Amino acid sequence: MANRTVPRLLQTPAVLLLLFWMLVPLSMTLFFSFIRYVLNNLRRPEWTSPSIDNWRGLGNYQYVWGQDSFWLAIQNSLLIVCSILFLTVTLGIAIAILVNRTFPGRGIVRVLLISPFFVMPAVNAVLWINMLLDPVLGLQGIAVNGINDMIAGMREAPVVGGFFSLWPEFEPISFRATQTSAYAVIMMVTWQWTPFAVLIFMTSLQSEDQQQKEAALLDGAGAWSQFRFLTLPHLGRPIAIVVMIQAIFHLSLYAEIEIVSRGNGNKNLPYYIGELVNNNIGAASATGIFAVILANIVAIFLLRMIGKTLME
Amino acid sequence: MAIVAQHTKFSKIAWPVLAWVVALIFFFPIFYMVLTSFKTDADAVKPEFLFSFTPTLENYANMTENYDYWRFARNSVITAVSATIFTLVVAVPCAYAMAFNPTRATKDILMWMLSTKMLPAAAVLYPMIFMTKAAGLYDTHFLIIMVLSLINLPIVIWMLFTYFKDIPKDIIEAGKMDGLNTWGEVREILIPLAWGGIASTALLCFIFCWNEAYWTVRLTTTDAATLSKLIEGNRAPEGLFFGRLSAVSTAAVGPIVVLGWFCQKQLVQGLTFGAVK
């Protein structure tokens, strides 16, 4: 096309906005990561404002690198992200195959299944940690109490009573505690994101080659080998995409951690940064740069994959 | 279909039953929240009233009194609607130019836009607080609208691009022959043809804005605080307020879940950037 000015002009606002969004805050973070910058310091008041005179070089990076809590936060981020990925992908494949057949009420089943994905993260976390998982008042507490009462009742019964008297009293689990809060986060995010995986795998399954499957059936291939050698390879690409998109989203998980435990012993990287921001800006910024590097490692793979299909 | 022939009677019954059971398990937490919202706070924690109770609307009637719900809801509506409109105003021309006048740089620009989405928000938290406080924008609608627009802009451009790409170029060329200028092409040809795509993109963008829970929590205190902030502030009601908390949660997510049902298909395209079809 002869006239290139108009198309360029049309793209300019979007490009400029994103350029600003990407460059300005990030370069500030980069600058802060090289200086001493703390919000409250009575002894060294000159450190409380950002200035080039407080240059610290790589000192903030060294400080963060040497902190146990930084490594715990990374470990926790990875634990949470990897567990969620494993659960959502396996559950997602199973449920997508389950719903891929036609049966009565399939439309309603789909609607019910996708619903959790649209619940806002704050509500998701408040709902799970209080109404479902609370050890006393939540459904968990009620269920555990019910089971204990039932066992107590069975102890009085003739014949089988002796067997049930061997059973212990069940203890409900407190998911706000240090050791367990990560599991609560994993549970609630898995609940929210499995529908996403199901939706994508289902879309992909609909384009699966049915003739190939019929041929395999005629050759006497069982259900398992059909899945293993036809369906699973077909899902390879969607699985990779689900994994990477979720990795990017879940590496920056925040609201759920905040609501479940206020990061009590269960900080992930964004939460750790959020805490440092209350005082030590230099260290928070250095941690932020580490988080950017971590996200970029994931992002490069994703961009490569999407780039391939882009202009088809 | 030969595969159907393989099904035994058992799997014809067991399969749908299993599918229904799984769907009901996934929906159960939402159902339980809605159910609890119709119980009084006292009933909500008593096991004997788990499923049989006298329903009451008092939690909904007292939402304003208990939580100042409508102030937060108003902020959510203002920010999410404005951000969606602003995003579309910026994104439609951009995606239009990219789809109908692609250059060698177009692919790279699209990839770069997507890469901004992958920047961890926490990494730029302090600069955002610092800048917005310095500029007097902290806790204002304007700030939240801008931030929501910026974080959704890449996905929206991407979705619109995949829709526009499918429109035959000849139609636009024909428009040019008829003497339409660029604005005329957009108004007379593009928008009528891509209306469905634009509408579902807008819907999805609105949902993402409504549910956003990082910037809306960290960059607001009262004036621009959205429903995410309201719920986050009531994270630990100690069991005393399950009824009223359920009501306010239901009011916060109900409309969005229903809207979400209408854009399932677009969700796949939008979130996988057209890479899964």
Side-chain angles (χ1 to χ4, degrees), chain A residues 1 6-7 10-11 13-14 17-18 21-22 25-26 28-29 95 98-99 101 103-104 109 111-116 118-123 126-127 131-132 137 142 199-200 203-204 214 217 238 241 245 248 252 254-255 259 270 273 277 281 284 288 291-292 295 299 303 306-307 309-311, chain B residues 2-3 15-16 18-20 22-23 26-27 29-30 32-33 36 45 47 90-91 93-94 96-97 101 107 111 113 115-116 118 120-128 150 153 157 182 207 211 213-214 228 231-232 235 237 239 242 249 252-253 256-257 260-261 264 267-268 271-273 275-276:
Chain A
M1 233 153 275
V6 175
L10 293 176
Q11 294 177 44
L17 278 170
L18 285 173
W21 174 237
M22 192 180 181
L26 193 60
M28 285 173 80
T29 299
I95 296 172
L98 190 66
V99 188
R101 291 196 196 178
F103 56 83
V109 163
V111 161
L112 293 179
L113 269 176
I114 190 65
S115 300
F118 299 110
V119 172
M120 62 167 68
V123 167
V126 166
L127 169 67
M131 274 160 265
L132 298 175
L137 302 166
I142 295 173
L199 204 59
I200 286 179
T203 311
S204 171
E214 282 175 38
L217 198 65
I241 285 173
I245 288 173
I248 287 162
S252 50
Y254 182 83
I259 289 168
I273 295 171
V277 160
I281 304 303
V292 171
L303 289 176
I306 292 169
T309 42
L310 179 59
M311 287 305 179
Chain B
I3 297 163
W15 200 274
L18 194 59
W20 270 95
V22 170
F26 266 85
F27 194 73
I30 298 175
Y32 188 60
M33 174 181 78
T36 309
V45 294
V90 176
C94 179
Y96 163 78
N101 299 73
K107 185 182 162 183
M111 295 315 263
M113 285 180 166
S115 73
T116 64
M118 292 159 189
V124 291
L125 173 60
Y126 186 72
M128 287 302 289
L150 285 167
L153 196 54
I157 290 177
T182 308
I207 292 174
N211 286 351
Y214 188 76
S228 281
I231 304 290
E232 195 261 356
R235 62 174 86 82
F242 279 8
S249 300
V253 302
I256 295 302
V257 171
W261 292 342
Q264 290 178 44
L267 187 74
V268 176
L271 279 175
T272 62
F273 315 106
V276 172

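This is a predicted model, so every value here is computed, not measured. Just so it is clear: chains get the letters A, B, ... in the order the sequence lines come, proteins before strands, and each one is counted from 1. When reading the values below, keep in mind they use all heavy atoms of this one structure, side chains included, and skip hydrogens, waters and symmetry mates.
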_Is there a side-chain contact (heavy atoms from CB on, under 4.5 Å) between B:M33 and A:V119? Walk through the geometry before answering._
CA-CA 11 Å; B:M33 174 181 78; A:V119 172; 5.9 Å; no
*Do A:L112 and B:F26 pass the side-chain contact (heavy atoms from CB on, under 4.5 Å) test, and can you show the C-alpha distance, the side-chain angles, and the key distance before you say yes or no?*
CA-CA 7 Å; A:L112 293 179; B:F26 266 85; over 6 Å; no
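By the 4.5 Å heavy-atom criterion applied to side chains, A:S115 and B:W261 are counted as neighbours. A:T29 places none of its side-chain heavy atoms less than 4.5 Å from the side chain of B:Y126.
Per-residue counts of heavy-atom pairs under 4.5 Å with chain A were compared for B:T36, B:T116, B:I30; the largest is that of B:I30. Chain A forms more heavy-atom pairs under 4.5 Å with one residue of B:V22, B:I157, B:L150, B:V90 than with any other, namely B:L150. Each of B:A123, B:P127, B:A122 has some count of heavy-atom pairs under 4.5 Å with chain A, and the biggest count is that of B:P127. With chain A as the partner, the residue from B:A213, B:S228, B:A121 showing the most heavy-atom pairs under 4.5 Å is B:S228.
With a 4.5 Å cut-off on non-hydrogen atoms, A:L26 touches chain B through its backbone and its side chain both. Within the 4.5 angstrom heavy-atom criterion, atoms from both the backbone and the side chain of B:L18 approach chain A. Heavy atoms of A:L17 lying under 4.5 Å from chain B belong to its backbone as well as its side chain. The part of B:I207 that comes within reach of chain A is its side chain, from C-beta onward, which places non-hydrogen atoms under 4.5 angstrom from that chain. Residue contact with chain B, scored on non-hydrogen atoms closer than 4.5 Å, involves the side chain of A:I248 exclusively. Looking at A:A284, there are no atoms closer than 4.5 Å to chain B (heavy atoms on both sides), in backbone or side chain. With a 4.5 Å cut-off on non-hydrogen atoms, A:L98 touches chain B through its backbone and its side chain both. Contacts of B:L125 with chain A are made by side-chain atoms alone, with heavy-atom separations under 4.5 Å and no backbone atom involved. Proximity to chain B is limited to the side chain of A:I95, based on heavy atoms less than 4.5 angstrom apart. Contact annotation for B:A91: neither backbone nor side-chain heavy atoms come within less than 4.5 Å of a heavy atom of chain A. Interface residue A:I142: only side-chain heavy atoms are found under 4.5 Å from chain B. Only the side chain of B:M128 comes within contact range of chain A, with heavy atoms under 4.5 Å apart.
Pairing each heavy atom of B:E232 with each of A:A122, the nearest pair is N-CB, 4.4 Å. Between B:W20 and A:P104 the shortest heavy-atom distance is NE1-O, 3.1 Å. Pairing each heavy atom of B:F242 with each of A:M131, the nearest pair is CD2-CG, 3.7 Å. Nearest heavy atoms, A:V109 versus B:A19: CG1-O, 4.1 Å. Among all heavy-atom pairs drawn from A:L10 and B:A97, the shortest one is CB-CB, 4.0 Å. Between A:L127 and B:P29, the shortest heavy-atom distance links the atoms CD2-O, 3.7 Å.
The backbone N or O of A:P121 sits nowhere less than 3.5 Å from a side-chain atom of B:N211 that would complete a donor-acceptor pair.
Considering only residues two or more places apart in sequence or on other chains, A:A295 meets the side chain to side chain contact (heavy atoms under 4.5 Å, CB included) condition with B:P120.
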